[in-house]
Amino acid sequence: MRKIGVLTSGGDAPGMNAAIRAVVRKSIYEGVEVYGVFQGYQGLVTDNIHKLELGDVGDIIQRGGTKLYSARCPEFIEPAVRQKAIENLKAKGIDSLVVIGGDGSYRGAQRLDEEGIKTIGVPGTIDNDINGTDYTIGFDTALNTIIDAVDRIRDTATSHERTFIIEVMGRDAGDLALWAGVAGGAETILIPESPSDMKEVAERIESGMSRGKKHSIIVVAEGVMSASQCADELHKYINVDTRESVLGHMQRGGKPTGQDRVLASRLGAFAVDLLLDGVHGKAVGTENNKLSATRFDKVFEESHMIDEGLYRLSRELSI
Ligand code: ADP
C-alpha cells in the first residue's frame with residue numbers, strides 16, 4: 001500500500017491546519033496511509049514522523065498556526081542531510097510527500113523530488129508571493145487582520161489629525177500592503193515592486209491637508225522600509241505629526257477566514273489526487289479559480305509580480 005507524508009514548513013499561516021486536515025482525510029478516503037512529519041524538514045531529519053488517523057485532524061479546521069508545527073532547517077540545503085530525511089521516509093515505506101509552505105519550502109521540496117521522494121507543494125504563506133497560484137493559503141486571513149487594524153487606527157488618526165504609518169508583513173512582496181491599503185482606504189501605499197518618491201508622498205499629504213483632510217494613512221510593506229525609517233524620510237520634506245504602528249506577528253495568527261479554509265481544503269485534497277495519479281514535482285494552486293499544478297522550476301522561473309492594475313487603481317482612488 002502506498003503511504004503519503006505531510007509536513008508544514010517555514011513561516012506558519014492561517015489555513016495550514018485546514019490543508020493538513022484535507023491531506024489526511026482525502027488520503028484515508030482513498031485508502032492510503034498518511035503520516036504527519038512534525039517540525040517541517042527538521043522532523044524529516046530527526047525522524048519525527050507519525051501515522052495519522054481521521055481523529056487526529058478533528059477540530060483543527062478553524063485554528064490558526066499548524067498542528068504539525070513548523071521549523072526552519074537551514075542545513076536542509078546539504079545533500080547529506082536530505083539523504084538522511086529520505087532514508088527515514090523510505091524506512092517507513094513512505095514514497096510521497098505533501099509540503100505545505102512558502103517559496104523556501106518549495107526549494108527543499110524540489111530537491112526531495114529530484115532525489116526520489118514524489119513531492120507536491122501546497123502554497124501556505126500569508127505573503128501571497130508564490131507563482132502558479134492566484135492566492136496563497138493564509139493571505140486572506142492576514143489581509144483581514146490588517147484591515148481590521150487599519151480601521152481602528154483610522155479612528156485615532158481622524159480624532160487627532162495625524163499621519164499614521166502602518167508597517168505590514170510580506171517579506172519582499174507588496175501584496176498584503178497593496179490589498180490592505182486599497183481595502184483600508186490608505187492615502188499612500190508603499191510596496192517593493194514600485195519604487196516611491198517620498199517627496200511626492202509628502203506633497204500628496206500636504207495637498208490633502210490643504211483640502212481639509214483630517215488624517216493620512218500610509219501603509220508601508222516591510223520589504224520597502226520600516227515604519228520609523230518611513231517617518232524619517234517623510235520628515236525630510238514635510239513637518240507633520242506622525243505615529244508609527246508595526247503590526248508584527250499579530251498578522252500571522254488567528255482563525256482562518258472562510259476563503260482560506262476552502263482554498264486549503266481544495267488544495268490539500270488536490271495534492272493527494274495528483275500523487276495518486278502519479279503526478280509529482282509540482283506545486284498546486286488556483287488560477288482563475290480553477291485548480292492548477294505548476295512544475296517547481298516554472299514556479300521559480302520568474303519573480304513574483306504585483307497586480308499592476310490594482311496598484312494603479314490604488315493611486316487613482318487615493319487622490
Ligand atoms: P518559507 O517556506 O515560508 O519561504 P523559508 O524560506 O524559511 O520559509 O524555508 C523553509 C525551509 O525550507 C528552510 O528552513 C529549509 O529547511 C528549506 N529550504 C529553503 N531553501 C532551500 C534550498 N535551497 N534547498 C533545500 N531546502 C531549502
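Counting starts at 1 for both ligands and their atoms, following the listed order. These values consider heavy atoms only, across backbone and side chains, with no hydrogens, waters or symmetry-generated copies.
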Close-range residues for ligand 1, whose non-hydrogen atoms fall below the 4.0 Å threshold
S9, G10, G11, Y41, R72, C73, F76, I77, G102, D103, G104, S105, R107, G108, R171
Plane angle bin for H50 and F38 - parallel if under 30°, tilted between 30 and 60°, otherwise perpendicular
perpendicular
Would E115 and R111 pass as an ion pair if we require N to O under 4.0 Å?
no
Taking NZ, NE, NH1 and NH2 as the nitrogens, is one of them in D113 or K118 under 4.0 Å from a carboxylate oxygen of the other?
no
Provide the closest heavy-atom pair for Y311 versus S194 in the form atom of the first, atom of the second, distance.
CE2-OG, 3.3 Å
Would a distance-only check, ignoring hydrogens and angles, find a side-chain to backbone donor-acceptor pair under 3.5 Å from Y41 to S105?
yes
For F164, all residues meeting ring pair (Phe, Tyr, Trp, His ring centres under 6.0 Å), sequence neighbours excluded:
none
